[in-house]
Colleague: 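This is the structure, below, for whatever I ask next.
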Protein chains: 2
Amino acid sequence: MVDRAHGAGSIEGGLDPVRRAPVRGLAAYLQIEQELADRIERGALRLGERLPAERQLAGELGVSRMTLRQALARLEHRGLITRAHGRGTFVAEPKLLQHANVLRGFFHETVGQGVVPATRTIEHAAVYATRALAATLGLRIGEEVYKVVRLRSARGTPVVLETSFFPASVFPGLIDLDLDHESIYRLMESRYGARPVRGQQAMESIAAEPPEAELLGVAVGSPLMLLERTAWDMTDRPVEHARDLYRGDRSRFTSELRL
Amino acid sequence: MVDRAHGAGSIEGGLDPVRRAPVRGLAAYLQIEQELADRIERGALRLGERLPAERQLAGELGVSRMTLRQALARLEHRGLITRAHGRGTFVAEPKLLQHANVLRGFFHETVGQGVVPATRTIEHAAVYATRALAATLGLRIGEEVYKVVRLRSARGTPVVLETSFFPASVFPGLIDLDLDHESIYRLMESRYGARPVRGQQAMESIAAEPPEAELLGVAVGSPLMLLERTAWDMTDRPVEHARDLYRGDRSRFTSELRL
DNA sequence: CTCGCCAATTGGTCTAGACCTCCGACCTTG
DNA sequence: CAAGGTCGGAGGTCTAGACCAATTGGCGAG
């Protein structure tokens, strides 16, 4: 009954249409958002189905319409519902995509969608930082750096050739770990406590040169997407610089923009 | 005085701190959002500066606190302000290094940097929306759409071939205006009061086909960057869909990422 | 039967005020 | 002088009700 963060009023959650498991201390609109999101993602509310009108649903939940609308606004922003003036509120499709490489902000559509990419390590070695690499990673020239080249495939087709550089000073011994069966990013976090949280990237369209063309299984001169990126951890230490070559015919990068 | 979309009450905009240019028909919280966003981006509100308390600011604006909070929530989401429980609301970054193509979030490095691109209009006509275009712009199939194809060059070299579509219902008569000597985006704002504020884009690396190869001055099969984008205005109306083809050897797109 | 208008329904916006929690400055106290 | 409590101001949540605008379906007029 008293499952409020703060504020006046009370949640009753009376009827059946939406019955939250009361969570003490969580704001009413967040509880409602959570419950409705669960129902949608579980499929309890079918795609395209119309929700009860706002006034009615608010009544059933024992909250004011404005409070319910706060929850609905968040669900709409998440893409779980759509609202149409004069018509009603409808369940949208559960968008399960995204996140794996959230850092990129981009979503690589081909590899994405639940398809687990196969990874083949082409090369991994400790090398010495060149002038450009040292500048990028904030190191001195000649400092030790781990280089990892991996070919990732989806559904048996090579999609991207990733060449990554990690500063050895931040990840000592990383090169000796089992990189084939464990995500590098997971290892970064679990063993070194350094996780990329910020990045800068650049994209270019280039023609495939012989070495990468062969690995990616395309003709020399085919269009590739070159994605160069550098990532920093929470304390602004550079943790990775990478040069990724995506097959043009297997890759599409999307992003949202503001202003 | 009565510059309302709908709803009760009235905006007075009394004191000086925030004085909106009243726009008939635009919701109060959107007007406030716009005005505050402008001030922040113009630098009239300095970085880190504290805004007046919500109750005070709402009073000065002649709106209720809940209405003001709607505007503040949107500004916070856009990253223009930060709010701290018990402390206040503060101006975040002015993030205004980008200009003309700000919407893209990307900075087209080659064309960017002070170089004023020359624009040549290849085609401009009123056409009818195909199925795909209608879906993208939220129109009915066959509805009128303005198509504008422009070739932009920097330092005498063609760089990008832009094909844009604008819904005629939003910009009636746009096609008859002087698009060669006036920015389309400026016209959107000054004559129609619709400015893109949000976008979704996708990038692909493709090979040049004969028509665009000739216009861009590259060989057929050369790598190009295909950038498809759709933009919405503040009221979530689609205002543009574009398909841009950049020369791969003259373009590099950079972006910042979080998380 | 068709067209157009009207009314009910639904989401969109707004209000005025209430109580809660967090934060920080200030003051009291040991 | 340091520790701790108090209190005012800030944002966070919530309400009950009002009017506006888009949509839709039914009903009446032609």
Side-chain angles (χ1 to χ4, degrees), chain A residues 1-13 20 23-34 49-77 81-92, chain B residues 1-13 20 23-34 49-77 81-91 138 140 169 234-237:
Chain A
M1 197 100 42
V2 184
D3 41 346
R4 261 347 187 343
H6 43 239
S10 69
I11 285 185
E12 202 30 81
R20 279 156 300 108
V23 179
R24 269 200 65 89
L26 193 58
Y29 73 89
L30 292 175
Q31 293 179 47
I32 295 171
E33 177 194 356
Q34 213 162 51
E49 185 173 341
R50 215 193 83 182
L51 295 179
E54 293 181 357
R55 291 166 179 79
Q56 183 190 336
L57 188 51
E60 291 169 356
L61 290 168
V63 299
S64 76
R65 186 172 162 225
M66 286 300 280
T67 298
L68 171 64
R69 278 180 61 80
Q70 261 187 91
L72 293 180
R74 294 173 62 95
L75 289 167
E76 181 180 31
H77 183 73
I81 63 172
T82 61
R83 300 151 104 185
H85 197 169
R87 296 204 300 127
T89 302
F90 304 87
V91 176
Chain B
M1 196 98 51
V2 183
D3 42 347
R4 257 352 186 340
H6 43 240
S10 68
I11 285 185
E12 201 31 79
R20 280 157 299 107
V23 179
R24 270 200 63 89
L26 193 58
Y29 71 89
L30 291 176
Q31 293 180 47
I32 295 171
E33 177 194 357
Q34 209 163 52
E49 185 173 341
R50 214 191 85 181
L51 295 180
E54 293 182 356
R55 289 166 180 80
Q56 182 190 337
L57 188 51
E60 290 169 354
L61 291 167
V63 299
S64 76
R65 187 173 162 225
M66 286 300 281
T67 299
L68 171 63
R69 279 180 59 79
Q70 262 188 88
L72 293 180
R74 292 173 63 96
L75 289 167
E76 180 180 31
H77 182 74
I81 62 172
T82 62
R83 299 152 103 185
H85 197 168
R87 295 204 300 126
T89 302
F90 304 86
V91 176
R140 290 181 302 278
S169 56
M234 190 167 304
T235 61
D236 277 332
R237 281 186 308 187

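Small disclaimer: the values here were computed from a predicted structure and weren't measured.
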Colleague: Quick check: closest heavy atoms across Leu68(B) and Ala58(B), and the distance to 0.1 Å?
Modeller: CD2-N, 3.6 Å
Colleague: What does the list of N/O pairs under 3.5 Å between the protein and nucleotides 22-27 of chain D look like, with a distance for each?
Modeller:
from    : atom 1 : to       : atom 2 : distance (Å)
dA22(D) : O4'    : His85(A) : ND1    : 3.3

Colleague: Examine dT15(D): is either OP1 or OP2 under 4.0 Å from a nitrogen or oxygen in the side chain of Thr67(A)? Give yes or no.
Modeller: yes
Colleague: Quick one: side-chain contact (heavy atoms from CB on, under 4.5 Å) partners of Arg87(A), sequence neighbours excluded?
Modeller: Ala84(A), Phe90(A)
Colleague: When the axes are fitted on five pairs at both termini, how much does the helix from dC1(C)-dG30(D) to dG30(C)-dC1(D) curve, in 10° steps?
Modeller: 10°
Colleague: Can you check the Leu61(A) CG to dT15(D) P distance for me, whole Å?
Modeller: 10 Å
Colleague: Rounded off to whole Å, could you give me the CZ-to-P distance for the Arg74(B) and dG12(C) pair?
Modeller: 12 Å
Colleague: Has Arg50(B) got a side-chain N or O lying under 4.0 Å from the OP1 or OP2 atom of dA10(D)?
Modeller: yes
Colleague: So for Arg55(A) and dG17(D), does any side-chain atom that can act as donor or acceptor lie under 3.5 Å from a complementary atom in the base?
Modeller: no
Colleague: Does dG12(C) have OP1 or OP2 under 4.0 Å away from a side-chain N or O of Arg83(A)?
Modeller: yes
Colleague: Hey, are the side chains of Leu26(A) and Gln34(A) touching, using non-hydrogen atoms and a 4.5 Å cut-off?
Modeller: yes
Colleague: In whole angstrom, what separates Ile81(A)'s CD1 from dG11(C)'s P?
Modeller: 10 Å
Colleague: To the nearest angstrom, how far is Leu51(A) atom CG from dG11(C) atom C1'?
Modeller: 12 Å
Colleague: Working to the nearest 0.5 angstrom, can you tell me the gap between Thr67(B) OG1 and Ile32(B) CD1?
Modeller: 7.0 Å
Colleague: Do any side-chain nitrogens or oxygens of Tyr29(B) fall under 4.0 Å of OP1 or OP2 in dT13(C)?
Modeller: yes
Colleague: Measuring to OP1 and OP2 of dG11(C), would you say a side-chain N or O of Thr89(A) lies under 4.0 angstrom away?
Modeller: yes
Colleague: Would you say the side chain of Arg69(A) and the base of dG12(C) hold a donor-acceptor pair, judged only by whether the two atoms sit under 3.5 Å apart?
Modeller: no
Colleague: When rounded to the nearest 0.5 angstrom, what distance separates CD in Gln70(B) from CD in Glu33(B)?
Modeller: 10.0 Å
Colleague: How close or far is atom C1' of dG11(C) from atom CG of Leu72(A), stated in whole angstroms?
Modeller: 10 Å
Colleague: Output the single nucleotide from dT13(D), dG11(C), dG11(D) whose closest atom is nearest the side chain of Ala53(B).
Modeller: dG11(D)
Colleague: Listed by chain and number, what are the side chain to side chain donor-acceptor pair (under 3.5 Å) partners of Gln56(B), not counting sequence neighbours?
Modeller: Glu60(B)
Colleague: Just how far, in rounded Å, is P of dA10(D) from CD of Glu49(B)?
Modeller: 15 Å
Colleague: Taking for each residue the nucleotide of DNA chain D bearing the nearest heavy atom, is the 5' side occupied by Leu68(A) or by Gln56(B)?
Modeller: Gln56(B)
Colleague: Using whole Å, what does the distance between atom C1' of nucleotide dG11(C) and atom CG of Leu75(A) come to?
Modeller: 15 Å
Colleague: Distance from Met66(A) atom CE to Tyr29(A) atom OH, nearest 0.5 Å?
Modeller: 13.0 Å
Colleague: Which whole-number value in Å describes the distance from Arg65(B) CZ to dC20(C) C1'?
Modeller: 11 Å
Colleague: Partners of Arg83(B) by side-chain contact (heavy atoms from CB on, under 4.5 Å), sequence neighbours excluded?
Modeller: Glu54(B), Arg69(B), Leu72(B), Ala73(B), Glu76(B), Ile81(B), Thr89(B)
Colleague: Can you name the salt bridge (charged side-chain N to carboxylate O under 4.0 Å, His left out) partners of Arg237(B), sequence neighbours left out?
Modeller: Asp233(B)
Colleague: Using a 4.5 Å cut-off on heavy atoms from C-beta on, say whether the side chain of Leu57(A) contacts that of Arg65(A).
Modeller: no
